[in-house]
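Read the numbers this way: they start at 1 and go in the same order the structure lists the ligands and their atoms.
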Amino acid sequence: MASPEAGGAAAILHAIQHSPISVELNFKVQSKKLIKSLTTDLQKCEDTDWAGIETDHLLKPIVACLRGRGTKCTFQRIADTENLKMKEALEMLGHTQDQENPTELLTDIPPEYRVSGLKLSKGTQRSFYRAIKGKRKAPDREKTTIMMGRTKCEAEVLAGRTTTDTEIWNSLCHIDLTRTTRDFLWRCMHQAYKAGEYWRNIPNFEHRAICQHCQVDDNLDHILTECEAPGREILWNLAKRLWEMKGYQWPEISLGRVLACGFTEVEDANGKRDRGADRLYRILVSETAHLIWKLCCTRVIERGSDPTCYLHLRLPFLGTFRVNSFPRVK
Ligand SMILES: [Zn+2]
């Protein structure tokens, strides 16, 4: 059921949009709040980006329409006792909304009448906070939803229970992870990195959509878990070797497994939770994935995928070697 403000605002908008521009309009409105929002409080409403006003999606186009008219428009408040016709109008509105094909209101605002944002000089801490809280939730990104699903599957395997989106987001900010690594995981979750498909329609950079080393479509999965370019396999093998020194079995790595690393729960031979191993695993997996990504960026962006310019890794305990000449760990 529409609120009196919403019903009244919808009726006003409909009337304005269907009246000749040269006609003077006089609206009889029940809601005092609605009249004030469109007259005496209008400046304040626009300065605060309509914070706390639920019908802003109707009021903004009304204001834009009124500004586009050159004729006089007045609002008159009517008492509740004189409101029988208004009730009938609301009932008609509710009836219209129940129909299969209700009349749609045009709420597009021409650019020249578009006023948005919160005026900094007029805001207070309270009003800013209220405006942020009142912002409508942004629609879910398809890529993020897919990656969240993959991460939840892996987290369920690691934690032995179902997990929520909130738990997944919190795990990406785990206290064991550095700020840089948290940022890396967050971007991976959103698939926000410029990799693979991103380059497909960028003039002169279309070749970056393909891994020049493997000649297959490039993407984060390929970079972190499949690419045959020097560096990736070596780094995962080093991580595996370090992990196996703790006496635990190294799992098969996937992008979902990397993103779910915060849910690791390792048990020792006695079935006791090994929290030190949990922490090592989290750091090992996330840092290795991040380093592989950085190597890929250097190879592709800075060195143009030129095989003669591949990187040399310098490890204190193994010396310096060309990444594609390092012996495989058995
Ligand atoms: Zn590759």
Side-chain angles (χ1 to χ4, degrees), residues 141-151 153-154 172 177 180-244 250-261 281-315 318-330:
R141 293 176 79 245
E142 188 183 351
K143 288 181 177 178
T144 308
T145 306
I146 293 170
M147 195 54 73
M148 175 60 77
R150 291 178 58 184
T151 307
C153 287
E154 294 293 345
L172 301 183
L177 308 177
T180 309
T181 313
R182 292 176 197 176
D183 182 61
F184 166 71
L185 295 177
W186 187 87
R187 285 169 185 265
C188 285
M189 179 63 86
H190 285 297
Q191 299 197 51
Y193 278 117
K194 295 173 182 174
E197 274 300 310
Y198 171 84
W199 298 105
R200 184 83 62 191
N201 299 316
I202 308 287
N204 302 322
F205 293 99
E206 298 90 341
H207 60 281
R208 288 186 183 172
I210 305 286
C211 173
Q212 297 300 310
H213 189 90
C214 311
Q215 292 301 312
V216 297
D217 287 347
D218 209 4
N219 53 50
L220 268 176
D221 280 280
H222 176 77
I223 293 165
L224 296 182
T225 63
E226 298 163 2
C227 189
E228 294 296 324
R232 184 195 65 80
E233 191 175 7
I234 292 171
L235 289 170
W236 281 128
N237 279 335
L238 286 170
K240 179 185 176 191
R241 190 156 70 180
L242 183 57
W243 180 246
E244 287 176 344
W250 183 248
E252 189 175 336
I253 293 294
S254 64
L255 180 54
R257 182 61 69 105
V258 171
L259 289 170
C261 66
Y281 179 88
R282 267 192 287 276
I283 295 171
L284 204 51
V285 169
S286 59
E287 292 289 345
T288 306
H290 184 219
L291 182 53
I292 291 171
W293 166 252
K294 297 285 284 180
L295 284 175
C296 174
C297 290
T298 307
R299 189 181 74 245
V300 175
I301 309 286
E302 291 180 21
R303 308 192 176 193
S305 299
D306 182 356
T308 62
C309 298
Y310 279 165
L311 299 170
H312 290 69
L313 283 182
R314 186 183 297 117
L315 299 178
L318 291 171
T320 303
F321 54 90
R322 199 161 183 258
V323 286
N324 57 353
S325 64
F326 188 73
R328 292 188 175 189
V329 178
K330 297 200 171 112

Between Leu235 and Leu295, is the side chain to side chain contact (heavy atoms under 4.5 Å, CB included) condition met? List the steps. CA-CA 10 Å; Leu235 289 170; Leu295 284 175; 3.3 Å; yes
Under the side chain to side chain contact (heavy atoms under 4.5 Å, CB included) rule, what do Ile210 and Arg200 come out as? Steps first, then yes or no, please. CA-CA 9 Å; Ile210 305 286; Arg200 184 83 62 191; 4.2 Å; yes
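For the pair Gln191 (side chain) and Cys188 (backbone), a donor-acceptor distance under 3.5 Å is absent.
The two residues Ala209 and Trp199 come nearest to each other via the heavy atoms N-CB, 3.9 Å.
For a distance threshold of 2.8 Å, the protein N, O or S atoms nearer than that to the Zn ion (ligand 1), listed by chain and number, are Cys211 SG, Cys214 SG, His222 NE2, Cys227 SG.
Atom CD of Glu142 has 12 or fewer heavy atoms from other residues, nucleotides or ligands within 6.0 Å.
One finds the OG1 atom of Thr225 at 9.5 Å from the CD1 atom of Ile253 (value rounded to the nearest 0.5 Å).
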